[in-house]
Amino acid sequence: MTQTGDVILQTRGLSRSFGALMAVDGVDISVKAGQITGLIGPNGAGKSTLFGLIAGEVQPSAGEVIFDGKPISGLRPDRIFRAGLARTFQIPRPFPQMSVLENVMLSATAQSGETFWNNWFRSGLVAAEERRSRERAMEVLAFTGLADKARDLAGVLSGGQQKLLELARVMMVDPPLILLDEPTAGVNPTLIETLIDKIVALNERGVAFLIVEHNMDMVMRICRHIVVMAQGRVIFEGDPAGVMKEQRVVDAYLGDVSVGELA
């Protein structure tokens with residue numbers, strides 16, 4: 001079992017081309033268990049494509065992804081999710097006409113009710129699992145501050161609340177690693193602080209994060225390790241202080257970040 005400080009995620013020579021465009025070009029990164037790692041860089045740097053490669057939504061042209069000591073390249077996204085590597089999206093993807101509670105319960109894995117005949121011949125087991133799933137869903141909704149929204153339709157939540165719902169959904173599988181794709185994008189300042197608090201609280205429980213984020217204040221506050229990409233390649237890795245001093249990073253990215261974002 002992976003211990004805090006061990007490498008839980010690693011990419012080796014990971015590449016993906018789209019025609020003549022090399023979106024991700026020989027990327028080698030590692031994420032330690034129990035650590036918050038930031039992934040930054042200008043638009044078009046390849047960060048979202050890298051996330052897609054790690055999560056199984058995009059297949060690599062070359063290279064591999066190792067999660068918890070096992071290769072996962074080529075696995076379907078649902079298999080990777082069940083293995084404990086979860087991700088959220090920059091634009092949340094709830095089922096808008098289902099309740100907040102139902103959205104969270106859908107993320108529970110390995111439910112007996114997923115097999116048709118169990119609903120007829122093992123209905124007691126199915127009902128018991130559904131009760132446990134509902135209880136767990138209410139626990140994670142309480143953690144994210146959405147318990148009072150449990151019966152509301154997911155489609156009526158604000159943008160920030162939908163980001164919290166995304167977090168609640170992935171928490172249902174108790175993942176050791178969560179990929180967060182721009183969690184603060186389109187979120188008001190008050191809910192940004194709530195999101196940061198929840199990320200930090202989960203990290204204190206041992207959950208590792210790899211976070212794509214343009215909010216440099218957040219990155220510098222909570223990330224112990226930062227990976228910088230530009231033009232599909234990693235141009236620097238280090239701690240926040242080192243990132244701020246690295247001229248290649250300033251030239252490629254930080255020179256375009258406003259002073260207010262870094263204050």
Side-chain angles (χ1 to χ4, degrees), residues 4-11 14 23-24 27-55 65 67 85-90 163-164 166-167 170 175-187 189 191-263:
T4 299
D6 292 343
V7 173
I8 190 171
L9 175 71
Q10 186 174 23
T11 68
L14 198 61
V24 173
V27 168
D28 298 318
I29 66 168
S30 60
V31 176
K32 291 184 177 181
Q35 181 171 280
I36 302 177
T37 298
L39 178 61
I40 67 172
N43 291 329
K47 304 183 301 296
S48 292
T49 301
L50 180 61
F51 258 35
L53 289 165
I54 294 170
V65 181
F67 173 64
L85 197 165
R87 74 159 294 181
T88 67
F89 294 88
Q90 178 183 354
K163 293 289 182 79
L164 288 167
E166 287 257 298
L167 187 60
V170 301
L177 174 63
I178 299 175
L179 311 181
L180 295 181
D181 194 350
E182 298 200 31
T184 70
V187 179
L191 277 179
I192 285 176
E193 290 303 315
T194 299
L195 275 164
I196 290 173
D197 288 345
K198 302 311 177 187
I199 292 167
V200 171
L202 283 173
N203 180 247
E204 289 173 348
R205 298 181 184 182
V207 179
F209 289 88
L210 177 60
I211 305 176
V212 169
E213 184 54 68
H214 286 289
N215 183 329
M216 291 302 297
D217 174 65
M218 172 186 173
V219 171
M220 295 297 169
R221 283 170 59 186
I222 70 173
C223 296
R224 293 172 54 194
H225 186 74
I226 299 174
V227 178
V228 188
M229 289 185 68
Q231 298 181 332
R233 298 180 179 179
V234 173
I235 62 170
F236 184 79
E237 286 189 68
D239 61 20
V243 167
M244 296 296 293
K245 296 175 183 177
E246 176 59 39
Q247 191 60 45
R248 289 175 298 171
V249 179
V250 174
D251 293 342
Y253 183 52
L254 295 183
D256 295 326
V257 177
S258 70
V259 174
E261 289 181 271
L262 296 175

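Residues forming a salt bridge (Lys or Arg N to Asp or Glu O under 4.0 Å) with Arg221 (at least two apart in sequence, or on another chain): Glu193, Asp217. With sequence neighbours excluded, the residues forming a side chain to side chain contact (heavy atoms under 4.5 Å, CB included) with Ala201 are Phe143, listed by chain and number.
At distances below 3.5 Å, at least one donor-acceptor pair connects side-chain atoms of Thr11 with backbone N or O atoms of Ile29. Under a 3.5 Å cut-off, the side chain of Gln90 and the backbone N or O of Ala185 do not form any donor-acceptor pair.
Distance CG/Leu164 to OG1/Thr194: 6.5 Å, rounded to 0.5 Å. Distance CG/Leu85 to CG/Leu9: 6.0 Å, rounded to 0.5 Å. Within the model, atoms CG of Leu191 and CG of Asp197 stand 11.0 Å from one another, a figure rounded to the nearest 0.5 Å.
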Please output the side-chain donor-acceptor pairs of residues 233-243 that fall under 3.5 Å, not counting sequence neighbours, one pair per line with the distance.
| unit_1 | atom_1 | unit_2 | atom_2 | d |
| --- | --- | --- | --- | --- |
| Arg233 | NE | Asp25 | OD2 | 2.9 |
| Arg233 | NH2 | Asp25 | OD2 | 3.0 |
| Glu237 | OE1 | His225 | NE2 | 2.9 |
| Asp239 | OD1 | Ala241 | N | 3.4 |
| Asp239 | OD1 | Gly242 | N | 2.7 |

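In this structure, Phe209 and Val31 approach most closely via the heavy-atom pair O-CG1, 4.3 Å. A pairwise comparison of heavy atoms in Pro183 and Met218 identifies CG-CE, 3.9 Å as the closest pair.
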Please assess Leu210 against Ile54 for the test side-chain contact (heavy atoms from CB on, under 4.5 Å), listing each intermediate value before the final yes or no. CA-CA 11 Å; Leu210 177 60; Ile54 294 170; 4.1 Å; yes
Verdict with supporting geometry, Lys163 and Lys198, side-chain contact (heavy atoms from CB on, under 4.5 Å): CA-CA 11 Å; Lys163 293 289 182 79; Lys198 302 311 177 187; over 6 Å; no
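No side-chain heavy atom of Cys223 sits less than 4.5 Å from a side-chain heavy atom of Glu213.
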